[in-house]
Amino acid sequence: MSDAKLQSVLSSLSQVARQLEAVPSGRPAPDASCVKLNTNENPFPLPTIIMQSAIAALERQYLYPEDDNISLREAAANAYGVSNDQVIAGNGSSELLGLIYRAFLAPGDSVAMMSPGFSFNRKLAMSQGAQFLEIGWGEAHSLPIEQLLSGPAKDAKFILLANPNNPTGTFVPVADIERLLAQSDRLIVLDEAYVDFAPDNGLRLIDHYSNLLVLRTFSKSYAAAGVRVGFGFGHPEIIGRLRNIQNVFNMNVIGHAVGISVLAHRAAYAENHKHIKHERQRVTLALLQLGFSVIPSHANFLLAHVPAEQDGSWWQAALERQKILVAFFPDKGLQNHIRISIGTKEQMDAFLAAARDISGSLKMPSARRWAASGSASALRGR
Ligand SMILES: Cc1ncc(COP(=O)(O)O)c(C=O)c1O
């Protein structure tokens, strides 16, 4: 396509479409030899019995998957004690987030998210031409109920709240969420992606509050991130609207089979969850000894404030040089942090060894540190 033609295509688009930036091409593929602690996956394979159901599903791959995810929704309804029409199944919960934005927002509308929060929401709001309001957490990461009821968020079409929250790992009492639901007349999207690592959950509230939509995923606690299984639970009027605009065959046959099998074997994950909580505590204590401060986490990751006078992007790069991938967020208030997913014991040992090594090199006299780092960039952020 010639440039003139491209320009005329782009300028014919709506203002919302024009502000979408093209993603640059040529990103390198991730290095498979790295210890990957940057996207909060579960580090273990699927339990054997669930893996077998995935393999068996491959035998049926020449058929389309079941329309409207009927058996999967039924299995989820039975497992969680709700009715079929209170459940929608998604290709991961991020598909469901996308549907919520498409169904309930028009250009010019506003949406509110507790911030810092799951940054993918920012992109979804932008793609709808909606105003994205970021509402800061209250003191000690509490839910600022009054502010949500009386500030700009009161006019938002919906309010997003992740509990436990990503990237902080903090958890607000379900009673506080219930207070917000009772007093607000807005849709509250409660994203419970990490809830199986937390002490409580809000699913029981869907029968009492028609303005609640709960999202779950099997990507984190059920080790199925690559298979893409997520659920939404809420009032049939809300759920039905989302199902109405969902892609036909949004999931594949393996996702269906794994989803149904996970729902039948949730107890098989007890050891997995125990391991993650145990490592979460062990790594928290080890990081404290290295001079990090760590927000107590109720998820499968830690948000750690790096030692004084350093910044998070510097630590992320230093760890990456040692083949450890962690997440860094450039957002205001997060620049001095890194987020570390909880992996296997071996992965966390490798992370801690690298963190100790980097920490040790920072204590060297500057000339030796310069030589040890092999690069002037080692001093950045000091
Ligand atoms: C808070 C939160 N919600 C939703 C998701 C999306 O999960 P998935 O699309 O894999 O179900 C994530 C993934 O990182 C997340 O952190």
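We count ligands from 1, going down the list as the structure has it; atoms in each ligand are counted the same way.
From the protein, the heavy atom lying nearest to atom 3 (N) of ligand 1 is D191 OD2, 2.6 Å. In this structure, atom 12 (C) of ligand 1 lies nearest to the protein heavy atom F118 CZ, 3.3 Å. If you check which protein heavy atom lies closest to atom 13 (C) of ligand 1, you get K220 NZ, 3.0 Å. Nearest protein heavy-atom neighbour of atom 7 (O) of ligand 1: S93 OG, 3.4 Å.
Residue contact check: G92 has heavy atoms under 4.0 Å from atoms 9 (O), 11 (O) of ligand 1. Near A193, the atoms of ligand 1 lying under 4.0 angstrom from a non-hydrogen atom of the residue are 2 (C), 3 (N). Residue R228 has at least one heavy-atom neighbour below 4.0 Å for each of these atoms of ligand 1: 8 (P), 9 (O), 10 (O). Those atoms of ligand 1 that come under 4.0 Å of a heavy atom in S219, given as number and element, are 8 (P), 10 (O), 11 (O).
The two atoms that bring L97 and F120 nearest to each other are CD1-CD2, 4.4 Å, heavy atoms only. Across all their heavy atoms, I49 and S261 have their closest contact at O-OG, 4.0 Å. When all heavy atoms of A57 and A257 are compared, the closest pair comes out as CB-CB, 3.6 Å.
Counting heavy atoms closer than 4.0 Å to ligand 1, residue E95 contributes nothing at all. Contacts of S94 with ligand 1, taken as heavy-atom pairs under 4.0 Å, involve both backbone and side chain. Residue contacts with ligand 1, taken as heavy atom pairs separated by less than 4.0 Å, involve Y194 solely via side-chain atoms from C-beta onward.
Residues D196 and Y269 bring no donor and acceptor atom of their side chains to less than 3.5 Å of each other. There is a side-chain donor-acceptor pair under 3.5 Å between R228 and S94. A donor and an acceptor atom, one from each side chain of T39 and K36, are located under 3.5 Å apart. Remark: the N38 side chain and the Q316 side chain contain no N/O donor-acceptor pair separated by less than 3.5 Å. For the residue pair R339 and N166, a side-chain donor N or O sits within less than 3.5 Å of a side-chain acceptor on the partner.
When N91, T217, L215 are ranked by how near their heavy atoms come to atom 11 (O) of ligand 1, first place goes to T217.
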Please lay out, stage by stage, how Q128 and D109 fare under the test side chain to side chain donor-acceptor pair (under 3.5 Å). CA-CA 9 Å; Q128 290 302 115; D109 285 347; over 6 Å; no
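Among the atoms of T39, none of the N or O lies under 3.5 angstrom from an N or O of ligand 1.
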